[in-house]
Structure formats: structure tokens, C-alpha cells
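Side chains included, hydrogens not; waters and symmetry mates left out as well; all remaining heavy atoms used. Order of the sequence lines sets the chain letters (A, B, ...), proteins ahead of strands, with each chain counted from 1.
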Protein chains: 2
Amino acid sequence: MAGVTEPAGQRPYHHGNLRSAILEAAARHLREHGADQLSLRDLAREIGVSHAAPRRHFTDRQALLDALAETGFVQLGGALRTSLAEAGDSFAARVHNAVSAFAHFATENAALLELMNSGKHRPGATRIVDAAEAAFGQMVELIKEGQEHGVLERGDTERIGIILYATVQGITTMVNGGMVDAEKLDELVEAAVEHFLRGARPRVR
Amino acid sequence: MAGVTEPAGQRPYHHGNLRSAILEAAARHLREHGADQLSLRDLAREIGVSHAAPRRHFTDRQALLDALAETGFVQLGGALRTSLAEAGDSFAARVHNAVSAFAHFATENAALLELMNSGKHRPGATRIVDAAEAAFGQMVELIKEGQEHGVLERGDTERIGIILYATVQGITTMVNGGMVDAEKLDELVEAAVEHFLRGARPRVR
DNA sequence: ACATCATTGTTTCCAATGGCTACATTCGAG
DNA sequence: CTCGAATGTAGCCATTGGAAACAATGATGT
């Protein structure tokens with residue numbers, strides 16, 4: 001039944017937390033219809049507010065997309081974090097877990113991922129950059145770990161991290177773009193990790 | 001001076017080859033302003049034709065984007081072809097050349113690349129798929145070459161090709177997205193190739 | 001309590017876009 | 001030379017993002 005503040009199905013003048021409602025709806029639309037089809041007015045209609053209301057929370061369509069990208073990086077960071085927490089001690093297993101987590105996040109949130117690395121965000125969108133670095137930083141940490149354990153070659157840690165990150169990122173892009181069958185994802189991830197570990201292990205002297 | 005068929009600055013009723021004119025203008029706009037900003041009416045205005053004229057050549061905005069993606073794959077294929085033709089005999093050098101060619105094409109045509117692997121094309125866009133496979137096939141051929149020379153491990157050729165392709169693709173995505181400084185491109189490509197060759201070389205028995 | 005100001009929504013308007021239909025001009029095959 | 005097929009044009013519509021002026025609500029200080 002309608003709450004006290006919502007008599008006869010009427011929404012009170014103030015929504016309460018429009019911002020998060022918009023973000024939620026936007027995330028769903030993003031997943032279901034892609035970023036191109038995401039319309040501010042559509043969201044407003046769905047939520048039941050006037051089409052100009054969202055403007056109070058997102059100055060721009062781009063601002064909304066930026067916010068989505070930011071939360072995307074936060075989510076990705078979380079996924080990586082738990083994947084690493086659940087992993088055992090074996091470095092290979094840790095890498096595999098992290099990469100696999102990334103791959104699944106990326107393929108289950110294709111449109112979001114595209115948004116995240118489209119780099120179209122506002123010049124001053126430091127929040128996105130921060131969130132991205134927080135997520136990416138875990139990969140770098142992981143590499144550092146491998147280097148300290150003597151399983152990975154020394155040298156520019158970030159560069160090695162970029163290569164690992166890029167490889168997974170590329171695989172998911174191909175899957176998301178339909179160039180590669182989605183069923184091959186796990187198999188590819190596994191092969192990529194193995195290649196990586198072999199390619200980046202210390203040279204025998 | 002105005003040609004015979006173009007008296008007093010007047011364009012004849014029929015443009016002559018509107019289709020290619022549109023493609024050209026679209027390619028330029030794509031490069032300069034990205035796919036999002038690409039407007040059919042804008043192109044029509046620029047070319048000096050009515051806003052509905054492009055419709056005779058591209059049923060849809062998407063159809064135009066599809067066509068752009070297709071030519072993109074053709075261009076990429078060409079770039080790979082010449083890069084391989086110019087390479088020496090050393091397998092490592094051949095891989096490096098091809099990968100480098102890809103990387104530069106991808107970073108110099110960021111928006112186009114995004115379009116190419118966005119996978120948003122029409123379900124029945126076989127031409128795109130064909131063009132893509134023609135380009136991608138060269139990578140697979142290259143891998144096969146390495147396998148026959150005993151420089152790369154045997155096993156699923158396509159899978160190995162995908163990993164190589166994905167790695168470069170990922171690197172360029174990061175560069176294009178601003179996550180990585182563009183100046184690091186060559187250095188990254190080199191490292192990636194080296195990692196790849198070490199990671200995919202035959203295991204000693 | 002109450003006046004006042006900042007938030008948050010609403011309404012109304014505008015320009016631009018993609019897309020559609022009916023119509024005009026030109027080209028080319030028979 | 002005629003007539004149908006291509007190719008362009010003009011005008012219309014719905015939708016969108018965005019801006020401005022106005023309305024309702026919430027919060028704050030006295």
C-alpha cells in the first residue's frame with residue numbers, strides 16, 4: 001500500500017534520492033541497450049519525474065556517462081580485490097584469478113567497459129582517473145608481488161602490468177565485439193595467463 | 001575554374017558520386033570529432049546536398065558507420081600487408097613490423113578502430129566480417145609461419161593469434177583512452193612482442 | 001514559530017537530428 | 001524518344017539535449 005508520504009500513488013514533489021535512482025536506471029539501460037541508446041528523458045520518464053529533473057544532478061548527458069564510468073571502475077576494483085582475496089598463495093593462481101575476474105566483469109558489462117576505456121570523459125574528470133588507477137593499481141601490485149617472489153622478471157613494473165592488462169582487455173574486446181565466440185573466453189584467459197607468465201619470467205643468466 | 005558541368009558555381013542536380021563523397025567526409029569527421037558527433041545532415045550540408053540525399057546511399061546512420069568500419073578493415077589489412085612485405089626474413093622482425101603497423105594504425109585512427117571492434121554492425125553485415133577476417137587472417141598466417149619455422153609452439157594457431165592481436169589491441173585501447181601516454185606506444189609494442197615471442201616459443205622437451 | 005534562502009522539480013521553449021513520404025530531375029536502356 | 005529506374009529535394013514528425021523561468025519543499029538562523 002502507498003506510504004504516508006505517497007498518498008494515492010502520488011510521488012511527493014521531491015523524489016528523495018533522484019541521483020541514485022537515475023544512476024541505477026542508467027546502469028540497467030546501459031547493460032540492456034548500450035550507451036548509444038541511453039536517453040536522459042527516457043530515464044526521467046521511467047523514474048516518473050520531469051525530463052529536466054535529472055539536470056539538477058547531472059549537468060550533462062556526458063556527466064551521467066562519466067559517473068557511470070566511475071562507478072564501473074569502482075566495481076571493477078572491488079571484483080579484482082575479492083578475486084585476489086579468494087585466491088590461494090600460488091602466484092600463478094593469483095594472476096589467473098585476477099585476470100579471470102577482469103575478463104568476466106568486462107564481458108558481463110560490455111557497454112560499461114566500453115564507456116570506461118573510451119576516454120571520452122571530461123578533461124577535469126579526476127574522479128574517473130582516480131577510480132581507474134585504484135583498479136589498475138591492483139594489477140601493478142600483483143606484478144610487483146611476482147617480481148619480489150622472483151617469478152617475474154625485474155624491470156618496469158608498470159610496463160609489465162600494462163601488457164597483462166592490455167592482453168585481457170583486448171581479449172574481452174574481441175569477445176564483446178563478436179569477433180571471438182564467448183565460449184572461448186575462459187580458454188583464452190587461461191592461455192593468455194600462461195603465455196604471460198612464461199613471457200615475463202626472469203631470464204636465466 | 002568551374003568545370004563545364006558546374007556552371008557558375010552551381011552543382012548539377014546529380015552529384016556524380018555522392019556515395020564516395022559522403023564516405024570521405026564521414027571519414028574525416030570521424031577522425032576529427034569522433035563517431036558520436038557524426039551527423040548525416042552535417043555531412044550533407046558540407047557536401048552541399050539536401051539532408052535526405054545521403055539516404056539514397058546509406059539507408060541508415062548505422063549503415064554509414066558499417067561502411068566506414070568495413071573500409072577501415074580494408075585499410076588495416078593493407079597496412080599489415082605492406083608492413084609484412086617490407087619486413088626482412090627474421091620472424092621476430094616480421095612480427096614486430098606487423099604489430100607495430102597495427103599499433104600505429106590503431107592510434108592514428110582511434111575513433112575508426114573503436115567503430116571497427118564495437119561489434120555494433122548489423123546482424124547481416126557479412127562484408128564487415130569478411131573484411132575483418134581478411135585483416136585478421138594475416139596475423140594467423142604469420143603465426144602459422146612461426147610455427148612452421150619452429151619458433152612458436154604448435155597448438156591452436158588461431159588461439160595464439162588472438163592473444164597476440166588482443167595484446168596489441170589492448171595496448172592501443174589504453175593509449176587511445178588516455179590511460180597510457182602515447183609516447184610509450186613503441187616501447188610497449190616492443191616489450192609486448194618480446195614477451196609474446198618468449199611466451200609462445202616451443203617448450204623444451 | 002517563522003521568515004528566508006538553497007535545493008530540487010516542473011513547464012515551456014528551442015535547435016538539431018534521424019527518419020519518412022511525396023515529389024522533381026536526370027540518366028539510360030530499349 | 002519514351003519510359004522506368006536512379007538520384008536528389010522539400011517538408012513533415014517524433015525525439016532528444018539543453019536552457020530559462022517558475023514552483024514546491026527543506027533547512028537554517030533568529
- Could you work out which one of D:dG18, C:dT17, C:dT11 sits closest to the side chain of B:R45? C:dT17
- Message: Which residues in residues 16-36 of chain B have a heavy atom closer than 4.0 Å to any atom of DNA chain D?
- Response: B:G16, B:L18
- Task: Output the distance between atom CZ (A:R28) and atom CG (A:L43), rounded to the nearest 0.5 Å.
- Result: 8.5 Å
- B:L64 CG - C:dG18 P separation (whole Å): 10 Å
- Query: Could you state the interatomic distance from OG1 (B:T157) to CG (B:L142), rounded to the nearest 0.5 Å?
  - Reply: 11.5 Å
- CZ-CD1 distance between A:F91 and A:I143, expressed to the nearest 0.5 angstrom: 5.5 Å
- Task: Tell me what B:L38 touches on the nucleic acid: a base, only sugar-phosphate, or nothing, going by heavy atoms under 4.0 Å.
- Result: sugar-phosphate
- Message: Whether the A:T173 and A:Q169 side chains hold a donor-acceptor pair (N or O, under 3.5 Å, no angle test) is what I'd like checked.
- Response: yes
- Calculate the interatomic distance between B:F58 atom CZ and C:dG18 atom C1'; express it in whole Å. 16 Å
- What distance do B:E148 atom CD and B:E145 atom CD have between them, rounded to the nearest 0.5 Å? 8.0 Å
- Message: Can you measure A:L43 atom CG to D:dT16 atom P for me and round it to whole angstrom units?
- Response: 10 Å
- Side chain of B:R56 (C-beta onward), nearest among C:dT10, C:dG19, D:dT9: D:dT9
- Item | Phosphate contact (C:dA16 OP1 or OP2) by B:S39 side-chain N/O below 4.0 Å | no
- Closest to side chain of B:R61, choosing from C:dG19, C:dT17, D:dG8: C:dG19
- Query: Rounding to a whole Å, what distance do you find between A:L40:CG and D:dG18:C1'?
  - Reply: 10 Å
- Expressed in angstrom and rounded to an integer, what is the separation of B:Q37 atom CD from D:dG17 atom C1'? 12 Å
- Atom pair distance, as rounded to whole Å: CD in A:E46 and P in D:dT16: 13 Å
Below 3.5 Å between N/O atoms, which protein atoms pair up with nucleotides 11-13 of chain D? Just atom names and distances, please.
{"unit_1": "D:dG11", "atom_1": "O6", "unit_2": "B:H51", "atom_2": "NE2", "d": "2.7"}

- Message: Check this for me: does any side-chain nitrogen of one of B:R45 and B:D42 sit under 4.0 Å from a carboxylate oxygen of the other?
- Response: yes
- Message: The side chain of B:S50 is closest to which nucleotide in this list: D:dG18, D:dA10, C:dG19?
- Response: D:dA10
- Task: Could you tell me the separation between the CG atom of B:L65 and the C1' atom of C:dG18, rounded to a whole number of Å?
- Result: 12 Å
